[in-house]
Amino acid sequence: MSTIKPGKQIFLKQAPFIAALVLFSVLIISAIKFTQFKKGQWEKDIRNRLLEILVAKKSNLEKALFSRIYYTKSIAAYVSLHPEVSRTEYNNLAEELIQKDSVICTMSLSRDCIISAVYPIEGHEAALGLDLLSHPERRKIVEKTIETHHAFVAGPVELIEGGEAFISYNPIFDKTIENMGSFWGVTDIVIYKHPLLAEAQIYESEGDFIFALRGIDGIGDSGTVFWGDPSVFTMKPEKVNIELPYGNWVLAASPKNGWAAYTDQDQLLLIFLIISSFIISLLLAFFSRAMVRIRKNQQELQAIFKSMSGIVVEFNNEGRYLQIAPSNQDLLVKPKEEMLGKTIYEFFDEETASLFYENINKCLKTKKLTILEYPAIVSGKEKWFVARISYRSENKVIFQAHDISAQKKQEQDLAESAKYMKELNATKDKLFSIIAHDLKSPFNQISGFSQILMLEYDDLTNEDRKKFIKIINQGSNQTVWLVDNLLKWAQSQRSMLKINSEKLVLLNVVRNSMKTFITKAAQKDIELTTTITEEILVTADEDMLSSVLRNLISNAIKFTFRGNRIKISIENHPTIENKYILSIEDKGVGMDAETLGNLFHIDSNTSGLGTEKESGTGLGLILCKDLINISGQEIWAESRVHDPEHGIQGGSTFFFTIDKA
């Protein structure tokens, strides 16, 4: 048996502290080099941030200023084309431009540099007749404006009524005479200083910074400071130029306490790093001793968890993931690393997350086992789980979940099968009803009246014979019609109908369908009309289209009052470029909302009597829907119930889409 020498034992015991000392030395060296590297970075970063702030404020100020200067440009453009503009016209134009703009004091118009109009005039009457060129301060600015042919921003200046403002002058040249450069005068706008700066979000102090503006009359850095603390420009500030139509201002900013306050942070950082290095090294010494034991315990726990078949999670009372056991992590909605420390609301929809939260807090309150089922999307697939929530401590629970997706799928399959069987039974009952009642009625007509003809032929008049033959013919046509609908519907249910789409002249198909019902419509004095023209071409299966039209026209005749009109129309689809919408509109009894909602459902659709007690099966609309759907189109209806007492004319309109050729 080998033994460890005493010297080696001492070394192993001291190894964590030796490692800590080595780490401390490395960290100290790294800290010194890092602070040397970072020296001056604080100021650089702050300057960059400050420059971003200045650029944003520059943009705001230029936008606020130029939006007002454009008012004078608009005035100048108008007057240059209308040099005989009246004071009333000017006031109306100025009022339309300003619209109670609180940043603007006044707008003026000065022909030959003598103020001839001021808006608003209230409180500024004394300005009328003022010669700008005789005013020492304004003369220089106006001459500059005329010389450069550009707008010029002067000021700020003290206003007689109080406050400071900028004045923007814009020259006007008469363009109605041959000499296009003939000077007419100037227009100016007086802009309040403080409201303008407030709109641009420029303040003398903001956070740790102070701001100032210089360049009175737009002369930039060579001008005086007209806003803010002048000392800003002595503190190595960050600066941006505020561009004017002619010249510029300079916006500057500096820290309130100077840049030294930021460079001092380098020393503070070094002290902090030294202390942190000592603490980290000391912790390493303590943690090193525990690592072997922790690793051994971790291996034992992992072996236990890997033998489990479900998910094991520790939650707190907020539904936050505290711990996730390494068992079946493939069943987690996200990787373990992404979930730890986050709440259930970040991974589940509101309803499922609330279910988790309620059951977790129910368990904490009652200290009893709580069980719930919930769905989750795992690897792009929906799975179902059953979870058992157990009390652990005052605000913690253990959550154990098992995959029951296979069991849930079996339950869903059984439910879908039951629903399908119910629908089949409803379909069967409907078909038996049609066959038992609606086929029986026309056959009884044919059988009864043919027997009368056979037994009493010689005793009947020609009129009676024709009447009975006509009834027999109608009964046979009705039977053929019903059998044809039944066969088509049965084929559609068995996916046996084949679509043979071709280019068709829609009017030809509509006319052929209408011909079938000319006699039937004439019996009720109903007019069949269409607005469709020969130029309209469609792509469709002619047989299917004819079946849909015949059923809808027959249905319209049945429910239209005597003496009315049925109209077949077409229009472009409002949202789908390559489709039309075909409509069949009747003037009849109409339908309430419940009947309208059950129109195309075989299990709930029942056909009522027509306006003259005509009967029907209700299968025609079901067949129309199936044929339309097979063709990849849509069908729907709108209706209004006939209410003569309140003067409401009823009627229904059936719509379906069809492809353009």
Beyond-backbone contact of [X] with [Y], side-chain heavy atoms, under 4.5 angstrom:
X      : Y      : result
Leu582 : Leu549 : yes
Glu411 : Gln407 : yes
Arg550 : Thr516 : yes
Asn551 : Asn555 : no
Glu52  : Leu50  : no
Ile566 : Ile557 : yes
Phe656 : Leu552 : yes
Leu599 : Phe654 : yes

Rounded to the nearest 0.5 Å, what's the gap from [atom1] on [X] to [atom2] on [Y]? Could you check?
X      : Y      : atom1 : atom2 : answer
Asp586 : Lys567 : CG    : NZ    : 12.0 Å
Leu332 : Ile311 : CG    : CD1   : 5.0 Å
Arg320 : Phe315 : CZ    : CZ    : 11.5 Å
Glu337 : Ile324 : CD    : CD1   : 8.5 Å
Leu506 : Leu545 : CG    : CG    : 6.5 Å
Ile536 : Glu571 : CD1   : CD    : 11.0 Å

Nearest heavy-atom neighbours spanning [X] and [Y]:
X      : Y      : result
Lys503 : Ala661 : CG-CB, 3.7 Å
Ala540 : Leu504 : O-CD1, 3.6 Å
Lys625 : Ile635 : CA-CG2, 4.0 Å
Ser393 : Leu364 : O-CD2, 3.5 Å
Thr539 : Ser501 : CG2-CB, 4.0 Å
Ser639 : Gly651 : OG-O, 3.2 Å

Q | side-chain hydrogen bond (donor to acceptor under 3.5 Å, both in side chains) involving Asn629 - partner list, sequence neighbours excluded | A | none
(Q) Could you work out, with side-chain hydrogen bond (donor to acceptor under 3.5 Å, both in side chains) as the rule, every residue matching Lys63, not counting sequence neighbours? (A) none
Output yes when a side-chain donor or acceptor of [X] lies under 3.5 Å from a complementary backbone atom of [Y], and no otherwise.
X      : Y      : value
Asn316 : Gly319 : yes
Thr611 : Thr560 : yes
Ser546 : Glu542 : yes
Thr657 : Glu634 : yes
Glu206 : Tyr203 : no
Ser59  : Val55  : no
Asn361 : Asn317 : yes
Asp643 : Ile648 : no
Asp541 : Ile499 : no
Thr530 : Ile532 : yes

Q: Report the C-alpha separation of Tyr345 and Tyr357 in whole Å, then their side-chain angles, then the decisive distance to 0.1 Å, and conclude whether the side-chain contact (heavy atoms from CB on, under 4.5 Å) test is met.
A: CA-CA 9 Å; Tyr345 289 94; Tyr357 182 82; 3.6 Å; yes
Q) Are Met339 and Phe347 close enough, and set up right, to give a side-chain contact (heavy atoms from CB on, under 4.5 Å), and what steps lead you there? A) CA-CA 8 Å; Met339 302 181 75; Phe347 303 105; 3.8 Å; yes
Q) What residue pairs, at least two apart or across chains, pass salt bridge (Lys or Arg N to Asp or Glu O under 4.0 Å) with a residue in residues 274-284? A) none
Q.
Tell me which pairs pass salt bridge (Lys or Arg N to Asp or Glu O under 4.0 Å) where either residue lies in residues 324-335, with sequence neighbours left out.
A. none
Can [X] and [Y] be counted as having a side-chain donor-acceptor contact under 3.5 angstrom?
X      : Y      : answer
Glu199 : Asn60  : no
Asp349 : Thr352 : yes
Lys660 : Asn572 : yes
Thr595 : Asp592 : yes

Q. Is atom CZ of Arg47 surrounded by more than 12 heavy atoms (other residues, nucleotides or ligands) closer than 6.0 Å?
A. yes
**Q.** Whether over 12 other heavy atoms sit under 6.0 Å from Glu351 CD
**A.** no
Q: Output yes when Lys587 and Glu585 qualify as a salt bridge under the 4.0 Å nitrogen-oxygen rule, no when they do not.
A: yes
Q) Please walk me through it: do Ser583 and Ile570 pass side-chain contact (heavy atoms from CB on, under 4.5 Å)? A) CA-CA 6 Å; Ser583 62; Ile570 196 167; over 6 Å; no
Q: Run the numbers on Lys579 and Ile658 for side-chain contact (heavy atoms from CB on, under 4.5 Å), then give the verdict.
A: CA-CA 6 Å; Lys579 286 185 183 293; Ile658 189 168; over 6 Å; no
Q) Partners of Lys409 by salt bridge (Lys or Arg N to Asp or Glu O under 4.0 Å), sequence neighbours excluded? A) Asp413
(Q) Run the ring-ring contact (aromatic ring centres under 6.0 Å, His included) test on Phe399 and Phe356 for me, step by step, so that the C-alpha distance in whole Å, both residues' side-chain angles and the decisive distance to 0.1 Å come before the verdict. (A) CA-CA 10 Å; Phe399 181 96; Phe356 273 56; 5.2 Å; yes
Pair up each side-chain donor or acceptor in residues 373-385 with any protein partner under 3.5 Å, not counting sequence neighbours, and list the distances.
unit_1	atom_1	unit_2	atom_2	d
Glu373	OE1	Lys408	NZ	3.0

